[in-house]
Amino acid sequence: MTDVHILGIRHHGPGSAHSVAEALSTLKPDLVLVEGPPELDQVIPLVTDPDMVPPVAGLIYAVDEPRLASFYPMATFSPEWVALRWAVSTGTPVRALDLPAAHSLALKSASGVAPAEIPADQEEAVQPDAENSDDDSTAGGTTATDPHQAYRPDAIGLLAEAAGYSDAERWWEDAVEQRSPDPAERFEALIDAISEIRSLDKRPVDHPDVVENNRREAAMRRILRAAIREGHDRIVVVCGAYHAPALVPAGFPPAAADNKVLAGLPKIKVSVTWVPWTSDRLSLNSGYGAGVAAPGWYQHLFDHWMAPEPAGDVATTWLVRVAHALRQQNLDASTASVVEASRMATTLAAVRGRPSPGLPELEDAAQAVLCDGSPLPLALVHSELTVGRDLGTVPDTVPTLPLLADLAGSQRKLRMKASAMEELMVLDLRKPNHLARSVLLHRLALLGVDWGIPTDSGRTSGTFKEAWTLQWRPELAVSLVEASRYGTTVASAAAAFVSEEAQAAEALATLGRLLEGCLLADLPDGIAGVVSALAARTALQHDVPPLLETIAPLARTCRYGNVRGVDVGEVRKILEATVVRACVGLPTACAGLDDDAASAMRRAIDSAQDGMTLLPGLPTDDWHTALGTVASSDKIHGSVAGRATRILLDAGLVDANDVALRLARRLSVASPAPGTAAWLDGLLSGDATLLIHDRRLLGLVDEWVDGVPDDIFEDVLPLLRRTFSAFSRPERREIGEQLSRTESSSHAAPATYLDLAAAGPAISTMARILGWEAPA
């Protein structure tokens, strides 16, 4: 008869991991079953590869819908990882047991949760491993991270409450993680305790979580029954503590009952691989349902668990790491302080009735001794130590798609190692290696793989410098899988993606952005597809604002194309035609605009002006002629007309006298005050140079503001405040001082004669203070 041992564990629990290791070494089973979808069987043999360094995650995704995916994270201190490695390294057969992902993902899709509705940063919460946060005795196990999933009561929380603990996390750490009784007794006690808790669950059988849990446990029992029929002498099952009572063979329901539960389940085609994971994504704060509060601390516990040194050394070595991290932040942390902090932590544990110092005691001691009572220094090292910044690696032999392999090869060639830490990369595009890095990052950005985010490159206006903020996130693997349908290399996939987007795009601005992205990503094939679509859309476009908004991206493409060696001849032809068509239609398009339409037109004119100034040789005469028509008309919205006047003034096509005359006409009593304020906003927005250096204009504006009737001043005030708030503080101060001097001079007091006899004592006193000799 087969001897079956059920090891109920906490996912990512270092104490559970060591207990599993001890139990496996003692029991020496001839088959190990580990909780997880059976699809993982394909990649389990890779866990002992030297290049497989946790944290890593099994990734299972729908072949036809890659966004429908689940992650199965594992760290060095995860009991499942320990069991898998022990089995593979000893040659013991090992399998995963759970509901196949082909069914669970199909059920997720059929439930009405579209792939796009599953947040990428919570996809691990969809997986079976994480759907049972109460398995893991994590605090808050009754809170669902997925709004479509109802969770069962927190079994471990109830046990903690029965033991007098308000925090389930601390109870589990005291009762399991930091105690080392006989492993068999520990697992048997857990099964008995969880059985009692499960017997109190009175939810109806049609409750969503009850249905899901029954389905998963029926699938587990089916796999276990099949293993028993194979005639194994001893089987060890490693599963979440909540499931342990349901997998004891003596309590199995009839096989027919389980088969009925699993009958007729939908199924989809899936694929499986390993992907790197990060320490911070193992934490509860990341939204991971089966996460732990302090992955870095648990890794430290696992590394020092049951070492030959005294138990207190676990605390001491942790405090040494805290001191080292504080010194890296240029904070004092002496060796004597570490010793004292270790003593305090041990004392706190004894006072609090804990078997040994835990993380709360160590943090309290570190704050009191190493940080002089302030919590701020510890906050500086929290992410580095308590959470951790590890990023796992996977071997090249893992099953992967050609696109992922191409990216990995590019990363090695360009020496761009992925990191879980946020880092700034500044690129000089005149250097071939830096240019190649920029091209790769831009191609990935087009594909929606935001490994790098463009950031400010500093005080420079040159075209040869770029800055990126790089940070690798596990969900980017899903984005890469999804992008793989476009091509087998990053370049071909990006070009195909852009071409497809260009054919579907209706807005000229979208096509302009795609064209600019192709330029930066060095995609000649993509540029050809976008240019073809752009030529067709431009010829049919009659609305002026879209034409104006297309000018700037096309001009950037033409100007900076030479930097990257791209042929932009066809783009230049489209740009020139677009400018001419926009100029012809601009005066008519600006007539009869309401406030919202005028704001949109003004933004489009500003965008077009930016593009016109980028590239020499464009038909600027046509552009200025169109703007002159707009600026001189009193029937065009003031915001648009004022902006056109300002552009002409900056170009030297009108002088200050012309502007003063137009301003006086606009500020006349006959003109409505709101329209006048809009014209001022268009003229002055963003730059106070006009008012500072032309006192005539300033006087006209001041006189108009002073004369606005009280009944409409409140309507004008918000627009005036918006206009002047855009000026810098020194500019506003200078304007105020000029107005103050003007007002003082215009209201100067009449001249009076000074009575020298009465002023004599005061003059003598000031002379002595200044060191002058008083007159005799």
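What you see is a predicted model, and the numbers here were worked out from it, not measured in a lab.
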Report yes if the side chains of [X] and [Y] come closer than 4.5 Å at any heavy-atom pair, otherwise no.
{"X": "Val20", "Y": "Phe187", "answer": "yes"}
{"X": "Pro55", "Y": "Leu282", "answer": "yes"}
{"X": "Arg215", "Y": "Leu107", "answer": "yes"}
{"X": "Thr386", "Y": "Glu363", "answer": "yes"}
{"X": "Arg221", "Y": "Pro253", "answer": "yes"}
{"X": "Ser70", "Y": "Leu105", "answer": "yes"}
{"X": "Leu84", "Y": "Val94", "answer": "yes"}
{"X": "Met52", "Y": "Arg85", "answer": "no"}

Give me the atom names and distance for the closest heavy-atom approach of [X] to [Y].
{"X": "Val478", "Y": "Ala69", "result": "CG2-CB, 4.2 Å"}
{"X": "Leu362", "Y": "Ala345", "result": "CD2-CB, 3.7 Å"}
{"X": "Asp30", "Y": "Asp233", "result": "OD2-N, 2.8 Å"}
{"X": "Pro73", "Y": "Ala57", "result": "CA-CB, 3.7 Å"}
{"X": "Phe302", "Y": "Ala17", "result": "CE1-CB, 3.7 Å"}
{"X": "Leu348", "Y": "Ala365", "result": "CD1-N, 4.3 Å"}

What pairs with [X] under side-chain hydrogen bond (donor to acceptor under 3.5 Å, both in side chains), at least two apart in sequence or on another chain?
{"X": "Glu482", "value": "Arg67"}
{"X": "Arg485", "value": "none"}
{"X": "Asp3", "value": "His5"}
{"X": "Thr347", "value": "none"}

By side-chain contact (heavy atoms from CB on, under 4.5 Å) - contacts of [X] (at least two apart):
{"X": "Asn214", "result": "Val210"}
{"X": "Arg321", "result": "His300, Trp318, Leu385"}
{"X": "Val449", "result": "Leu444, Leu447, Leu476, Ser479, Leu480"}
{"X": "Arg222", "result": "Asn259, Leu262"}

Between the main-chain N or O of [Y] and the side-chain N or O of [X], is there a donor-acceptor pair closer than 3.5 Å?
{"X": "Glu217", "Y": "Ala246", "answer": "no"}
{"X": "Glu361", "Y": "Gly358", "answer": "yes"}
{"X": "Arg389", "Y": "Ala420", "answer": "no"}
{"X": "Thr2", "Y": "His232", "answer": "yes"}
{"X": "Arg198", "Y": "Tyr242", "answer": "yes"}
{"X": "Thr273", "Y": "Pro399", "answer": "yes"}
{"X": "Ser419", "Y": "Met421", "answer": "yes"}
{"X": "Thr393", "Y": "Asp51", "answer": "yes"}
{"X": "His11", "Y": "Ser78", "answer": "no"}
{"X": "Gln367", "Y": "Leu378", "answer": "no"}

Pair listing, salt bridge (Lys or Arg N to Asp or Glu O under 4.0 Å) test, anchored in [range], at least two apart:
{"range": "residues 239-254", "result": "none"}
{"range": "residues 237-256", "result": "none"}
{"range": "residues 87-96", "result": "Arg95-Glu230"}

Straight-line distance of [X] [atom1] to [Y] [atom2], nearest 0.5 Å:
{"X": "Asp98", "Y": "Leu33", "atom1": "CG", "atom2": "CG", "value": "11.5 Å"}
{"X": "Glu35", "Y": "Tyr72", "atom1": "CD", "atom2": "OH", "value": "10.0 Å"}
{"X": "Arg234", "Y": "Lys28", "atom1": "CZ", "atom2": "NZ", "value": "9.5 Å"}
{"X": "Leu265", "Y": "Leu99", "atom1": "CG", "atom2": "CG", "value": "6.5 Å"}
{"X": "Met344", "Y": "Leu319", "atom1": "CE", "atom2": "CG", "value": "11.0 Å"}
{"X": "Ser271", "Y": "Asp64", "atom1": "OG", "atom2": "CG", "value": "11.0 Å"}

Run the numbers on Leu247 and Cys239 for side chain to side chain contact (heavy atoms under 4.5 Å, CB included), then give the verdict.
CA-CA 9 Å; Leu247 300 183; Cys239 64; 3.8 Å; yes

Under the rule for ring pair (Phe, Tyr, Trp, His ring centres under 6.0 Å), what residues qualify as partners of Trp86, not counting sequence neighbours?
none

Are Met220 and Leu224 close enough, and set up right, to give a side chain to side chain contact (heavy atoms under 4.5 Å, CB included), and what steps lead you there?
CA-CA 6 Å; Met220 293 180 185; Leu224 182 53; over 6 Å; no

Could you label the plane-to-plane angle of the Phe71 and Trp277 rings as parallel, tilted or perpendicular, counting under 30° as parallel and over 60° as perpendicular?
tilted

From CA spacing to verdict: side chain to side chain contact (heavy atoms under 4.5 Å, CB included), Ile228, Ile235
CA-CA 8 Å; Ile228 293 173; Ile235 298 175; 4.1 Å; yes

For Val88, run the side chain to side chain contact (heavy atoms under 4.5 Å, CB included) check against Leu46, Val47, Val32 and tell me which one passes.
Val47

Decide yes or no on side-chain hydrogen bond (donor to acceptor under 3.5 Å, both in side chains) for Ser342 and Thr316, but give the supporting numbers first.
CA-CA 6 Å; Ser342 179; Thr316 302; 3.0 Å; yes

Please lay out, stage by stage, how Val270 and Leu68 fare under the test side chain to side chain contact (heavy atoms under 4.5 Å, CB included).
CA-CA 10 Å; Val270 299; Leu68 194 61; over 6 Å; no

So, Arg473 versus Thr278: side-chain donor-acceptor pair below 3.5 Å or not?
no

